[in-house]
Every structure is written in C-alpha cells, then in structure tokens.
Number of protein chains: 2
Amino acid sequence: MKRDISIKETILRGSDFFMPSVSLDCVIFGFHENELKVLLLRMKNADTWALPGGFIYKKEDIEDAATRVLRERTGLHDIFLRQFHVFGQPSRSEKKFHSNMLRKDGIKVNKDNWILQRFITVGYYALVDFATVTPEPDPSSVACEWKDIHSIQELFMDHKHILDTALYTLRMQLNHVPIGHKLLPKKFTMPELQKLYETILDKKLDRRNFQRRILSFGFIKRLKETRKGGAHKAPYLYSFDLKKYKKALEEGLQGGW
Amino acid sequence: MKRDISIKETILRGSDFFMPSVSLDCVIFGFHENELKVLLLRMKNADTWALPGGFIYKKEDIEDAATRVLRERTGLHDIFLRQFHVFGQPSRSEKKFHSNMLRKDGIKVNKDNWILQRFITVGYYALVDFATVTPEPDPSSVACEWKDIHSIQELFMDHKHILDTALYTLRMQLNHVPIGHKLLPKKFTMPELQKLYETILDKKLDRRNFQRRILSFGFIKRLKETRKGGAHKAPYLYSFDLKKYKKALEEGLQGGW
DNA sequence: ATTCATTGCGTCGTTATGACACAATAATAC
DNA sequence: GTATTATTGTGTCATAACGACGCAATGAAT
C-alpha cells in the first residue's frame, strides 16, 4: 500500500487511485487523568481542529483503510476499531470552504476536481491505550493532540457531529465493547476502572456497588500488587481475564449502569 | 425528484445524476402469522432474490434516498428507518456477474461504465406494518414478496450478509427501537406482542413474566375490547401510549430478555 | 353440556440492587 | 514518631426484580 503521498499529489492525481466521493473519519478515544480524550489534528491554513481521516484506495477494504489511518496517526497496530455511521448529507461538502483552503496551500484545482465533489464519509471509532500512542500529524496538519471530550466546542466541517454520534454510539454499545481492556493499561485499579465508566456515562456511580457488580462478571482478577505512591490507602491492581471478558461481551454485560 | 427511470437509462446515463460508487440497500422487516418477514425482490435475468436498493441522486441526502426506495417498494410514507452499516469490501462488486446480467437484459455497456465500478452500499433497516404494505417490484425485478426470515438461504451478491447484519443489529437495538408499534397493527393482543419478541430473539419467553414486565414499563394500555374469533379464550386488545413509549425507548427499556 | 387449549391473575423463593456503615491503610502534617 | 485524613476493602440490610410455577376463567369446538 502506498504511503506518504503529498497533498498536492493527492489532490491532483487522487482520482487515479482513490475511490471517488467516499472518505472515512476516525474518532480515536483515549483515557488519561480521569478524562476521556479524542485525538485531533490541527489543520494547516484553517483555524480549526479536525478528526483524522483519509481516502480509500480503489481496491482497499474500507476497514483496512481505517486501520491504515489509525496506524499512521497513532503508531499502533491491532487497534480496536468499529464502524458506527455514515454521514451523507449533501450539505456537508462545502465547495467554497475547500477551494479557499487549497488556495492558501498554493494549490490550484479545477472546478470539477474530484476533491471538490460531494463526499460521504464513513465514521469509525477506536479505543486505544493513551500511554502507548505517539500522536503523529498527517501532511495536511500542523499538530496532532489529545483533547478532552468536554473541551471540544467546534470542529472542521461536520466533525463535531461525527464526534457526538461516536460518543452516543459508544454509550449504547458499552456492554458489548472492551472499553476497560482497550482504554486502560494492562494493570489498573478499581477506582480507575470506575472513573472510566463514570466519564463515559457522565454519571456518578456508587463505589461499593460498582465493585460488586464488576467482580460478579468474573472477568477481572485481582493481582497481589497494589498501586503505591498516591496519597492514602494503596488500591489493589487488577487485570482482565481476556478469554472470559471476550465471552461476556459477546453476550453483552447484563444490566444497565 | 425524478422517478421511474428505465433500467437502460439508469445504466447508460446514471453517472449524470447519481453519486458514483455508492448505493443503498434496505432490509424491510414485517411481522405476519407469528413470523418475521423481509421484503425481497425477484430479479430479472438472475435466478436470485435481492434486497430492495437504489442509488443516490447527486444532491440527495442518503436518508432521503432510503425513504424514497422504501416508499417505492411499499407504498408507505413515514416509515421507521435506521442506517445500520456500510458494506465496503472491494470483492462485493463482481464485474463479471453484472455484465452477464446486463447482457441478458440486452444492454451493452462499456468496460468503464459507472455501474461496473466498485460500489459500497449503505444498509438501512425498516420496520413496517405488514398489513398496510403493498409490495411493488422495481423495474429490474419481476416480483416483490415477503419472505420468512428462516426460509432465506441465499441472496444476490452479499445481500444475505447484509440481512444477517440487519437482524443482528435489530436484536442489539431491541430495547431502543419501537418494534411493537411499528411491526404490529394499532390494536394487538399480549400473545401477539410476545410472539413478536420471541421471533426476533429466537427464544421462548414465559407468558406470565413477559406480561408482568411489559406492563411494568407503563407504555401499554389495555382496551375494553377482546379479540373474538380465535379458538379458546378471547384475549384483551392493547395499544401503545406513544408518548410514554417514545420516552421509555430513549432511555432504553431496562433489563434484558 | 362437556371438553380443552388458552388467557388472566396470582404466589413463592431466590437473586440482584441501592443505600449505607465501619474498619484498614498509606501518605502527609505536626 | 504519632496523629490526621482521605481513600480503599469489606460487609449489612431492606427492597425490588426475576424466574418458575399454580389455578381458575373463558369461549369455541365437540
């Protein structure tokens, strides 16, 4: 698979190797300091942040294209990835906006250039371990950073809407998706796991009832170590029994939060 | 919006008014005689059944396109419709297969005709009241019929996979989707509602516990009438309190089945 | 009038859930 | 080095929810 094609090349010759009218965007979730984060790109020549996205090669599976984009932005392989929605309103592709950006970039395009056509975009969300990610801007960006979910007001095009939909979907699929295993490091404490659930659900949970319920599922084992260093009593570390976790998620965790 | 464009016109000139490389397919669910049904088309010149589908006009919202396809096949307006997945494997568009079908149809196309390009398709599922539907074949079909979910072995292209995914999604979203209101007539009996759940879940439920749980939600009212005519004791008729039903679905019905 | 499958309306014991109490612990303040 | 303090580990208790099941009422068929 080709990589690192220049912007200019992409825009002028993209129609030779990319599917027309279809793109994809990724909402990459991470968890750090008790906050749910999303990986965003700071765009060149536009005063906004955007979701990492890309195009699909003519013979490439969309899923593979998403994996490729994820790998390029995070350096990670084997990412948990899920398609959640297609955004297809005609109004989402604004020609003027695009041509302006391209002009600032010093690229002249014809009125009928493929990039100015109407695009639909396939939304994917990913769950990654914050600590192991190396954010990497793409050729059309000047920065790639984690942003707190709550701090995000406005994004490029309809990306805020895409983000909101991703978050809504994540909440809906909470009992079928390995948030704990994918968003936390291998070893974690019970309060950390609880905070993760609280952050995603945007809701406080009772500490003791949470622990009872999580443990009753049977896919979390307590280790002999504790997490020293923090003030106050040192909490135990836990890890997932991946086999049992996977099986439980297939059926869906029972009960609501 | 244009309608009833001939097949030939669509294939030869389609690229003038349709989006390239994107189509949509609809899985239309109905419920009749205690069976979950899907509306299928019998294709001309191919010995298979297919899901109703279509293309998207260049300035048409995909959602509107799906509504249009639904209206054309069922005669219904105001259909419950939900996008559930995009199918984007390159292998799903098989050029040879298509050109063969077209040849039988007496239509000659260039090798680079838009219809022979790779297509991705957006899947929608719909819930409709069986009794009020008038199945209507499209120009490329010879029949449009309801088929029992369990009787479907093989379909056109990857449509069986699309159908299976729709059914899986419906099961996942069961507690958030108005299956009762959309799939049943306005007045229905408790056994009918139970059969609906049993059919979708493919699982027997206890009659008395089902009734207790459904009624505890509070969005179903018992009417003064009973359904006479069947053998044995005449069951009461019920109907939905739509306001309460909608509210309960937004939160999601609590508990599993 | 009798039969019989189905419906309406319950009971009962077990399990799950929400609310809360109290002791143990580890860093920090004194 | 001892006291302080916020946090963690563990458990209780009343209530609600759930699964399994009993039995009488009904209404078409015999």
Side-chain angles (χ1 to χ4, degrees), chain A residues 33-35 174-175 180 184-185 187-199 201-240 244 248-249 251-257, chain B residues 33-35 174-175 180 184-185 187-199 201-239 244 248 251-257:
Chain A
E33 289 177 342
N34 289 340
E35 291 290 354
L174 203 58
N175 284 350
L184 294 176
K187 299 175 182 181
F188 55 90
T189 66
M190 196 55 75
E192 284 165 0
L193 183 60
Q194 185 183 336
K195 274 289 171 201
L196 174 59
Y197 272 89
E198 289 184 337
T199 311
L201 293 165
D202 204 18
K203 180 190 202 169
K204 281 235 163 295
L205 300 172
D206 183 274
R207 184 174 66 84
R208 294 148 288 189
N209 295 335
F210 176 82
Q211 164 142 333
R212 178 176 54 194
R213 202 145 108 71
I214 281 285
L215 290 178
S216 78
F217 292 139
F219 50 65
I220 281 178
K221 1 177 230 271
R222 192 169 88 176
L223 307 177
K224 298 232 168 93
E225 321 160 55
T226 56
R227 160 107 72 237
K228 310 254 180 184
H232 317 304
K233 180 165 180 175
Y236 279 104
L237 287 171
Y238 293 82
S239 71
F240 283 93
K244 289 184 186 167
L249 288 172
E251 320 259 323
L253 306 190
Q254 290 311 304
W257 302 94
Chain B
E33 288 176 342
N34 290 339
E35 291 290 355
L174 202 60
N175 283 352
L184 294 176
K187 299 174 182 182
F188 53 91
T189 67
M190 195 56 73
E192 283 165 0
L193 183 60
Q194 184 183 336
K195 275 287 171 201
L196 174 59
Y197 272 89
E198 289 185 338
T199 311
L201 293 166
D202 205 18
K203 177 192 205 170
K204 280 234 164 298
L205 300 172
D206 182 275
R207 184 173 66 84
R208 294 147 289 189
N209 295 336
F210 176 82
Q211 164 142 334
R212 179 176 54 193
R213 203 146 107 71
I214 282 284
L215 289 179
S216 78
F217 292 138
F219 51 64
I220 281 177
K221 0 176 231 273
R222 192 170 88 178
L223 307 177
K224 299 235 167 88
E225 322 160 55
T226 56
R227 160 106 71 237
K228 310 255 180 185
H232 316 304
K233 181 166 178 174
Y236 279 104
L237 287 171
Y238 292 83
S239 72
K244 289 184 186 168
E251 320 260 325
L253 305 190
Q254 290 311 305
W257 301 93

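Chain identifiers are assigned alphabetically (A, B, ...) following the order of the sequence lines, protein sequences preceding nucleic acid strands; residue numbering begins at 1 within each chain. The structure displayed is predicted, hence computed values, not measured ones.
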Rounded to whole Å, how long is the line connecting atom [atom1] of [X] with atom [atom2] of [N]?
X         : N       : atom1 : atom2 : result
Tyr236(B) : dA25(D) : OH    : P     : 14 Å
Leu215(B) : dG8(C)  : CG    : P     : 10 Å
Leu237(B) : dG8(C)  : CG    : C1'   : 15 Å
Lys228(B) : dA29(D) : NZ    : P     : 13 Å
Asp206(B) : dC12(C) : CG    : C1'   : 14 Å
Arg208(B) : dC9(C)  : CZ    : C1'   : 10 Å
Asn209(A) : dT15(C) : CG    : P     : 19 Å
Phe210(B) : dT6(C)  : CZ    : P     : 17 Å

With a non-hydrogen cut-off below 4.0 angstrom, is Gly230(B) in contact with a base, only sugar-phosphate, or nothing?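 Sugar-phosphate: the residue Gly230(B), judged by heavy atoms under 4.0 Å, touches backbone atoms but no base.
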Any side-chain to backbone donor/acceptor pair from [X] onto [Y]? Under 3.5 Å, distance only.
X         : Y         : result
Gln194(A) : Leu205(A) : yes
Asn175(B) : Gly256(B) : no
Lys203(B) : Trp257(B) : yes

Which listed nucleotide (dG8(C), dT8(D), dC18(D)) is nearest to the side chain of Arg213(B)?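 The nucleotide sitting nearest to the side chain is dC18(D).
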Select one nucleotide: of dA26(C), dA5(C), dG8(C), the one nearest the side-chain heavy atoms of His232(A). dA26(C)
Whichever of Lys233(B) and Gly255(B) has its nearest DNA chain D nucleotide further upstream toward 5': Gly255(B)
Closest to the 5' end of DNA chain D, once Arg212(A) and Pro235(A) are matched to their nearest nucleotides, is Pro235(A)
Nearest heavy atom decides the nucleotide; on that basis, is Thr226(A) or Ser216(A) closer to the 5' end of DNA chain C?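 Its nearest nucleotide lies further toward 5', so the answer is Ser216(A).
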Looking at Arg227(A), I'd like to know whether one of its side-chain N or O atoms comes within less than 4.0 Å of OP1 or OP2 on dA27(C).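 No, Arg227(A) has no side-chain N/O under 4.0 Å of OP1/OP2 on dA27(C).
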Hey, does the side chain of Arg222(A) come within less than 4.0 Å of dT10(D)'s phosphate (OP1/OP2), counting only N and O?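 Looking at the OP1 and OP2 atoms of dT10(D), one of them is under 4.0 Å from a side-chain N or O of Arg222(A).
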Do Glu192(B) and Lys195(B) meet the salt-bridge criterion of a basic N to acidic O distance under 4.0 Å? no
To check you understand the geometry: which heavy-atom pair defines the closest contact between Gly180(A) and Phe240(A), and what is its length? C-CE1, 3.4 Å
Polar side-chain contact Arg207(A)-dG9(D) base: donor and acceptor under 3.5 Å: yes
